[in-house]
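Each chain gets a letter, A, B and so on, in the order the sequences are listed, and its residues count up from 1. All values below come from the heavy atoms of this structure, side chains included, with hydrogens, waters and symmetry mates left out.
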There are 2 protein chains.
Amino acid sequence: MAHSLDKIDTQILAILQKNSNRTTKSIAEELGMTTSPVFERIKKLEKEGYIKKYVAVLDNKKIGIKLTVFIGITLQGHTRSYLEKFVTEINNFPEIVECHRVSGNFDYLLKLIVEDIEAYETFIISKLTLLPYLGNVQSLITLSTGKETNEIDLSRI
Amino acid sequence: MAHSLDKIDTQILAILQKNSNRTTKSIAEELGMTTSPVFERIKKLEKEGYIKKYVAVLDNKKIGIKLTVFIGITLQGHTRSYLEKFVTEINNFPEIVECHRVSGNFDYLLKLIVEDIEAYETFIISKLTLLPYLGNVQSLITLSTGKETNEIDLSRI
DNA sequence: TGAAATAAAGAATAATATTCTTCATATATT
DNA sequence: AATATATGAAGAATATTATTCTTTATTTCA
């Protein structure tokens with residue numbers, strides 16, 4: 001059967017989701033262990049899929065990608081094939097970084113990141129509105145972002 | 001003055017935001033260079049803040065954090081101190097992974113990640129609704145997620 | 001044209017990851 | 001209870017990789 005995570009595992013995950021450049025030695029010291037068991041645990045967490053990947057987090061604004069927009073969308077047709085087609089199309093747009101099917105006032109909530117308002121308008125006109133079965137579309141333009149992280153709270157697992 | 005990014009820099013960033021565990025050697029080979037200039041460029045990108053950090057991306061569901069909720073919020077008071085206080089409070093909740101001030105039908109859009117619906121209800125009752133000046137609150141419960149990434153499109157920079 | 005700065009290469013070194021063997025502890029089985 | 005089996009950690013040895021340093025070519029600018 002599958003093993004659940006023990007305290008040490010969640011501590012390692014908590015450390016690595018904050019900073020994956022930590023050496024096994026420094027993690028081991030923090031946990032009062034030697035490097036080999038820490039190393040083996042990390043490899044296990046990777047192999048079993050608890051850790052999906054390691055990535056560099058970029059400063060979007062500094063790079064010139066300054067605008068984040070959330071877009072709530074309803075579709076006119078709700079058959080399975082419509083939904084699948086829509087999701088497939090959406091996932092192919094590099095501007096879209098998130099696509100969630102939701103319950104509530106919309107069918108989908110998208111998160112989009114682009115250079116500026118012009119690029120956003122271009123996306124809407126030349127990509128989004130060309131999708132079939134599109135119903136209501138409501139945009140929330142981000143003015144400022146107070147918090148934006150991937151870190152999940154492992155303290156009570 | 002500040003340097004802008006050349007083609008090689010953006011290629012390096014594109015590689016590292018996909019997989020930050022790549023060795024400088026493998027990146028250098030892909031770009032047809034040797035390790036030292038690649039290494040120096042990476043250090044420069046880190047030092048100048050284009051790369052903010054390196055993190056492990058975890059599989060939330062596997063760890064037992066299965067529910068993502070987006071919450072649109074309006075506040076009753078719009079003075080500067082209200083907003084700042086609200087943002088500060090929100091940022092201290094570990095369940096909240098994103099907090100954006102937006103224009104449109106809401107003042108703020110929050111992204112929340114918790115174990116399950118019960119944990120969500122607990123959050124609403126014991127944390128969110130205790131905040132002062134809270135106006136309208138609308139939740140979008142995520143049913144499924146088609147795409148969820150941090151990768152920004154560097155192809156046309 | 002010449003001097004200074006920039007970027008790359010290649011070699012040398014230091015640090016770290018990774019593997020392997022051994023030991024201790026816990027768990028299960030009879 | 002006694003023995004076998006599995007699990008996890010330690011420590012040393014090795015392989016890889018990161019990092020530094022020196023040299024050279026190329027570009028930039030006065």
Taking A:Lys111 for its side chain and A:Val97 for its backbone only, find out whether a donor-acceptor pair lies under 3.5 Å. no
What is the distance, rounded to the nearest whole Å, between atom CD1 of B:Ile42 and atom C1' of D:dT19? 12 Å
Check: A:Lys53 side chain, B:Asn19 main-chain N or O, donor-acceptor pair, under 3.5 Å: no
Relative to the ring of B:Phe93, is the ring of B:Phe123 parallel (under 30°), tilted (30 to 60°) or perpendicular (over 60°)? perpendicular
note: A:Phe39, atom CZ; C:dC20, atom C1'; distance rounded to Å ~ 12 Å
Rounded distance in Å - CG (A:Leu5) to P (D:dG8): 12 Å
At a heavy-atom distance below 4.0 Å, what parts of residues 16-36 of chain B sit against DNA chain C? B:Met33, B:Thr34, B:Ser36
Quick one: A:Asp6 CG to D:dG8 C1', roughly how many Å, whole number? 10 Å
Side-chain donor or acceptor of B:Ser139 paired with backbone N/O of B:Ile141 under 3.5 Å: no
Give the C-alpha distance, both sets of side-chain angles, the deciding distance and a yes or no for side-chain hydrogen bond (donor to acceptor under 3.5 Å, both in side chains) between B:Glu115 and B:Tyr120. CA-CA 8 Å; B:Glu115 293 88 313; B:Tyr120 170 62; over 6 Å; no
I'd like a list of close polar pairs between nucleotides 21-28 of chain C and the protein, N/O only, cut-off under 3.5 Å.
none

Near A:Lys25 NZ, under 6.0 Å, is it more than 12 heavy atoms from other residues, nucleotides or ligands? no
Answer yes or no: is there a side-chain heavy-atom contact under 4.5 Å between B:Leu16 and B:Tyr54? yes
Ring-face cation of B:Lys62 near A:Tyr50 (centre distance under 6.0 Å, axis angle within 45°): yes
